[in-house]
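All remarks here apply to the structure that follows.
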Protein chains: 2
Amino acid sequence: MASPTYQAVSWNDGAVRLLEQRDLPHREHYKDYQGARETADAIRDMVVRGAPAIGCTAAYGLASEAFTIMKSRGIPNSWSDALAPGMETLRNSRPTAVNLMWALDELKPLVEERSADPATLPERLLAAAQKIFDDDVASCKAMGRIGAQLLPDTGDRPITIMTHCNAGALATAGYGTALGVIRGAVEMGRSVHVIANETRPYLQGARLTAWELLEDGIDTTLITDNMAGWLMQCGEIDAIVVGADRVAGNGDAANKIGTYTHSVLAKRHGIPFFVACPLSTIDRETASGSGIAIEDRDAKEVTEIFDKPIAPANVKVRHPAFDVTPAELITALVTEKGAVHPPSKEGIDTLFE
Amino acid sequence: MASPTYQAVSWNDGAVRLLEQRDLPHREHYKDYQGARETADAIRDMVVRGAPAIGCTAAYGLASEAFTIMKSRGIPNSWSDALAPGMETLRNSRPTAVNLMWALDELKPLVEERSADPATLPERLLAAAQKIFDDDVASCKAMGRIGAQLLPDTGDRPITIMTHCNAGALATAGYGTALGVIRGAVEMGRSVHVIANETRPYLQGARLTAWELLEDGIDTTLITDNMAGWLMQCGEIDAIVVGADRVAGNGDAANKIGTYTHSVLAKRHGIPFFVACPLSTIDRETASGSGIAIEDRDAKEVTEIFDKPIAPANVKVRHPAFDVTPAELITALVTEKGAVHPPSKEGIDTLFE
């Protein structure tokens with residue numbers, strides 16, 4: 001596979017450059033965001049999404065904040081004090097994506113360090129953000145290799161893999177987590193057919209997954225979310241691979257709303273169900289899924305599609321953006337350090353040793 | 001509850017008057033269709049949908065065809081020959097809805113009768129179509145009373161009932177099948193809260209169910225289809241009631257795509273799952289669900305919403321419009337002649353005695 005021409009997140013001369021994912025698949029264009037506030041707004045407004053991509057964006061956003069501060073008022077007395085509001089703003093932009101917190105925590109020691117030259121802090125933050133970015137690409141490729149080995153043998157027949165939402169190059173620094181596993185299978189020489197669930201309400205599957213897989217020349221079929229069960233009943237799905245926004249210490253996985261439903265259907269039909277995520281998505285501070293905060297988003301994302309209402313104006317709406325799949329329904333958790341099957345606290349702890 | 005001001009199907013001076021459901025909830029307006037071809041086109045293009053409503057529409061459509069023929073060329077030598085093409089056109093307009101075939105079969109003896117005055121055939125077809133219509137309303141009300149009795153007791157707490165697609169007044173001659181059960185519960189004095197699944201791709205839940213329940217003043221919350229599993233996991237759903245497009249002799253039920261998924265989730269969570277339909281929807285000629293033809297519809301209904309593309313232009317699409325829920329996942333089949341729980345061939349045969 002050729003390297004993709006698109007890039008969800010990158011650094012551009014003091015600013016965070018983001019692909020405007022809300023305009024895909026209609027238009028591929030980019031915009032630069034300066035400092036923590038602009039970057040946090042872009043995260044909350046879903047210009048960029050996907051837990052690993054949000055982590056990279058937040059890290060670059062903090063570096064951009066430091067460059068912006070130094071440019072406007074010179075070297076502050078305390079970087080820690082100067083960056084605290086920006087750090088907080090970024091941290092609050094999306095509550096469920098743990099990589100956001102993880103990336104900021106990775107940068108925190110630099111911010112708090114008192115022995116190094118304060119004039120070089122912006123550059124050091126940028127280097128650390130760049131390392132988070134590079135490590136994410138490497139992690140995705142490792143996950144891809146590891147996950148692809150776990151996919152069932154389908155003999156001479158192409159393997160049909162279902163995925164939900166977008167856990168692809170667009171959701172990470174590149175290559176993808178769930179789509180990384182799919183790309184890994186393609187790189188192994190397997191013939192792969194992907195079923196992409198459209199993923200209401202935000203349609204990341206239709207807009208993003210279908211777009212990036214077709215850019216890569218991978219055979220892709222789009223369905224609405226509610227068709228998944230029927231295709232499983234018809235024996236058309238060989239495996240399911242999804243990403244995660246936060247995985248608890250016991251392997252319970254929060255991911256895009258609808259993931260839980262697919263795991264229940266997969267169990268009924270004996271279809272292997274894989275969750276692919278880097279270690280940075282695993283939150284061992286949270287013992288189980290019941291401790292994961294589920295973000296409720298704006299009703300309009302349900303009642304309007306491209307700003308056109310699809311429901312009566314006065315209807316009430318629920319909009320949980322994520323759900324939690326219990327570890328018992330996950331065949332294997334695939335990380336850059338190896339797979340844990342079935343997921344368990346013990347297995348997960350081993351990955352971190 | 002006051003009688004609704006809207007009417008999905010009615011007879012208007014030789015023509016079939018249909019509420020243009022594709023423009024709901026934005027605009028409530030009606031159009032008249034003359035003869036079999038126009039009526040069949042309206043059915044296929046989803047101006048009207050819902051198995052019982054399609055049955056009524058087809059019956060009125062055949063009556064309209066007869067009036068049209070007599071007006072343009074007088075009394076034909078053979079009504080049977082003259083109406084055969086129109087009958088065939090209507091029969092082929094939607095393959096899964098068995099009420100369509102049932103309604104036309106109800107009218108067939110009149111068409112083939114040779115002893116009655118051929119000049120009165122159009123009037124006799126209209127009277128028979130009107131009877132199908134009136135019987136459907138009466139059936140829905142009976143189903144509503146019978147189904148409402150089966151709903152679980154929730155003490156002082158309102159009961160939360162999930163429904164999929166639109167099996168309401170808009171899908172029938174009036175009152176509805178699944179929504180008839182909900183209306184029956186309201187008429188019993190129960191405090192009812194409805195969760196309406198939006199039902200992609202055609203959004204009948206968002207556009208039609210939410211609209212007609214709010215018109216009736218019934219508390220309704222809209223969700224995307226993929227949120228249903230999470231709400232069940234959170235313990236927020238007390239019962240699920242859906243309609244059906246065709247029920248096989250053993251109780252396997254074809255209904256709008258996504259229904260099967262909800263039945264699997266309901267089973268996991270111990271939530272009662274009811275299918276409400278008139279006897280005319282039960283097709284005992286078909287022994288089990290595997291014999292039910294599932295209609296594949298146009299890819300554009302998936303890739304475009306209100307004519308705006310939501311996916312890359314070159315993506316492949318699957319679009320099965322229905323799925324089959326096996327009888328073992330259905331708590332009870334609710335008909336106007338009583339409920340069968342669990343559904344079985346024996347129980348269903350008893351209903352027809």
Side-chain angles (χ1 to χ4, degrees), chain A residues 24-26 164 195-201 203 205-207 210-211 214-215 219-231 233-234 236 256-265 267-268 294 299 302-303 305-306 308-320 322-324 326, chain B residues 25-26 164 195-201 203 205-207 210-211 213-215 219-231 233-234 236 256-265 267-268 294 299 302-303 305-306 308-320 322-324 326:
Chain A
L24 288 176
H26 306 120
H164 189 65
I195 298 280
N197 298 333
E198 66 172 8
T199 318
R200 278 279 290 146
L203 296 166
R207 297 190 301 106
W211 184 81
L214 291 174
E215 289 276 313
D219 185 21
T220 303
T221 298
L222 177 68
I223 62 168
T224 63
D225 303 307
N226 56 15
M227 294 173 189
W230 177 240
L231 294 196
Q233 193 188 135
C234 293
E236 297 188 29
K256 183 55 49 192
I257 189 77
T259 302
Y260 168 66
T261 289
H262 298 125
S263 75
V264 170
L265 290 160
K267 183 82 167 188
R268 176 172 169 94
I294 298 296
V302 172
T303 58
I305 296 179
F306 297 124
K308 170 135 186 173
I310 60 158
N314 52 340
V315 73
K316 292 196 290 186
V317 169
R318 285 290 306 277
H319 183 187
F322 303 94
D323 58 26
V324 177
Chain B
H26 305 120
H164 189 65
I195 298 281
N197 298 333
E198 66 172 9
T199 318
R200 277 283 288 148
L203 297 166
R207 297 191 301 105
W211 185 80
L213 291 178
L214 291 174
E215 288 277 313
D219 184 22
T220 303
T221 298
L222 177 68
I223 62 168
T224 63
D225 303 307
N226 56 16
M227 292 172 190
W230 178 240
L231 294 197
Q233 192 188 136
C234 293
E236 297 187 28
K256 182 56 51 194
I257 188 76
T259 302
Y260 168 65
T261 290
H262 298 126
S263 74
V264 171
L265 289 161
K267 183 81 164 185
R268 176 172 168 93
I294 297 297
V302 172
T303 58
I305 297 180
F306 297 124
K308 170 136 185 170
I310 60 156
N314 52 342
V315 75
K316 292 197 291 190
V317 168
R318 285 288 307 278
H319 183 186
F322 303 94
D323 59 26
V324 177

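By convention in this document, chain letters (A, B, ...) are assigned in the order of the sequence lines, proteins followed by strands, and residues within each chain are numbered from 1.
Looking at A:Asn226, its side chain never comes within 3.5 Å of a backbone N or O of B:Thr199 through a donor-acceptor pair. Under the 3.5 Å distance criterion, the side-chain polar atoms of A:Gln233 are matched with a main-chain donor or acceptor of B:Val324.
Contacts between B:Ile195 and chain A at a heavy-atom distance below 4.5 Å are absent for every atom of the residue. Of the atoms belonging to A:Glu236, it is side-chain heavy atoms, and not backbone ones, that fall under 4.5 Å from chain B. For A:Arg200, the parts sitting under 4.5 Å from any heavy atom of chain B are the backbone and the side chain alike. For a residue to count as touching a neighbouring chain, one of its non-hydrogen atoms must lie under 4.5 Å from one of that chain's; by this rule B:Arg207 touches chain A with backbone and side chain alike. Looking at B:Leu213, there are no atoms closer than 4.5 Å to chain A (heavy atoms on both sides), in backbone or side chain. Neither the backbone nor the side chain of A:Leu24 comes within less than 4.5 Å of any heavy atom of chain B. Looking at A:Asn314, the atoms closer than 4.5 Å to chain B (heavy atoms on both sides) sit in the backbone and in the side chain alike. Both the backbone and the side chain of A:Ile310 come within contact range of chain B, each with at least one heavy atom under 4.5 Å from a heavy atom of that chain.
What you find for B:Ala311 and A:Pro25 is that their closest heavy atoms are C-CG, 3.5 Å. In terms of heavy-atom proximity, B:Tyr260 sits nearest to A:Trp230 at CD2-N, 4.2 Å. Listed here is the closest heavy atom pair of A:Pro309 and B:His26: O-NE2, 2.6 Å.
Between chain B and the residues A:Ala206, A:Gly258, A:Gly229, the largest count of heavy-atom pairs under 4.5 Å involves A:Ala206. Contact count against chain B (heavy-atom pairs under 4.5 Å) is highest for A:Ile257 among A:Asp219, A:Asp323, A:Ile257. The greatest number of non-hydrogen atom pairs below 4.5 Å with chain B, out of A:Ile294, A:Leu203, A:Leu231, A:Leu265, is found for A:Leu265. When B:Ala210, B:Pro320, B:Ala299 are compared by the number of non-hydrogen pairs under 4.5 Å with chain A, B:Pro320 comes out ahead. When the candidates A:Asn197, A:Thr259, A:Thr221 are compared by the number of heavy-atom contacts under 4.5 Å with chain B, A:Thr221 comes out ahead. Heavy-atom pairs under 4.5 Å with chain A were tallied for B:His262, B:His319, B:Glu198; the largest tally goes to B:Glu198.
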Item to complete: Could you please spell out the steps behind the side-chain contact (heavy atoms from CB on, under 4.5 Å) verdict for A:Asp225 and B:Thr224?
Response: CA-CA 9 Å; A:Asp225 303 307; B:Thr224 63; over 6 Å; no
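Using a 4.5 Å heavy-atom cutoff, the side chains of A:Pro312 and B:Glu215 are not in contact.
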